[in-house]
Amino acid sequence: MDEHALECYRKAGRIAKECREWARENIRPGVTIRYVLETLETMMAERGGAPAFPAQSSRNSIAAHYCSSPDDETTYEVGDCVKVDCGVHVDGYIGDTACTVDLSEDGRWTPLIEASAAALAAAIATVDEGVSVGEVGAAIERTILAAGFEPIRNLTGHGLDRWKVHTAPQIPNYGERGGGRFHRGAVFAIEPFACTGRGYIKERGKAEVFMLVRPPRKAKGLDRELLSDIQSWRGLPIARRYFTRHEPRVVEETFSKLARQGSLVRYPPLVEEEGVMVAQTEHTLFLGPDGVEVLTA
Ligand code: CO
């Protein structure tokens with residue numbers, strides 16, 4: 001890794017951490033989710049970064065990918081178990097971090113949140129050159145099971161690369177055999193999810209997160225300005241909220257056409273069974289010459 005890249009990774013990690021900590025303090029009953037997400041994205045820009053993906057905040061049985069629509073007025077409520085996921089990039093180099101906030105009056109989700117945080121700590125302690133992703137997954141699973149919860153088995157940590165939020169290796173939240181090994185110079189995010197259910201999520205509801213996976217095959221008939229706005233994100237995930245300066249009808253038509261061509265992928269919310277609570281804790285790590293550096297700590 002060259003010096004510029006490492007400097008950008010460190011700066012992105014620092015900004016992501018500041019955003020996460022602001023969210024931890026400011027997610028309160030009665031506050032709208034959209035206010036929190038928009039404030040986080042503004043904070044990223046003010047600090048010399050930009051969103052690596054739309055800020056997201058998923059409540060209760062929603063594990064991930066809840067992102068406000070442009071007119072979302074949903075508020076956090078007393079009793080909620082709230083995840084917040086912040087991704088920041090600096091010149092394409094990404095820091096990805098998440099935490100969970102307990103909005104119950106009696107602290108009932110705190111053991112669940114602590115289980116995911118302890119699993120992340122166990123994972124970080126396990127990572128080293130030559131260690132397999134499955135060994136890290138086993139440390140996560142062991143920690144969450146010992147606390148009396150289940151890991152979510154169909155969500156994983158992931159490698160990070162310039163302009164790419166998800167690259168190899170996938171880092172499972174359970175002890176899968178085999179898989180890749182960690183090598184020096186790697187940057188990756190580990191994100192244990194602990195839940196009160198069986199530990200499997202499904203896509204449910206309307207997507208607000210999208211990603212342009214390839215340039216449109218037929219740009220004819222597409223709104224040029226909107227298309228160039230979409231392409232300015234360089235293939236990073238985007239939200240419908242990013243494009244409010246365009247006519248909503250034009251945004252819908254363009255998104256649909258791009259999706260039909262296979263250029264745009266939708267990411268709907270990922271949800272456990274009704275009534276199940278989910279907690280997540282995430283850090284971005286760099287396996288450097290002197291060992292593990294937690295970039296978002
Ligand atoms: Co992540």
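Every number for a ligand or one of its atoms is a count from 1 in the order of the listing.
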Would V127 and I140 show up in the same hydrophobic cluster when neighbours are defined by side-chain heavy atoms closer than 4.5 Å? yes

Any protein N, O or S atom under 2.8 Å from the Co ion (ligand 1)? Found D96 OD2, H158 NE2, E191 OE2, E282 OE2

Verify the neighbour count for atom CZ of R184: are there more than 12 heavy atoms of other residues, nucleotides or ligands below 6.0 Å? yes

Side-chain H-bond candidate by donor/acceptor type, S132 with E135, under 3.5 Å: yes

Between the side chains of Y76 and N26, is a donor N or O closer than 3.5 angstrom to an acceptor N or O? no

Establish, from distance only, whether the side-chain atoms of E176 and Y174 form a donor-acceptor pair under 3.5 Å. yes

Under a plain distance cut-off of 3.5 Å, with no hydrogens placed, do H4 and D91 share a side-chain donor-acceptor pair? yes

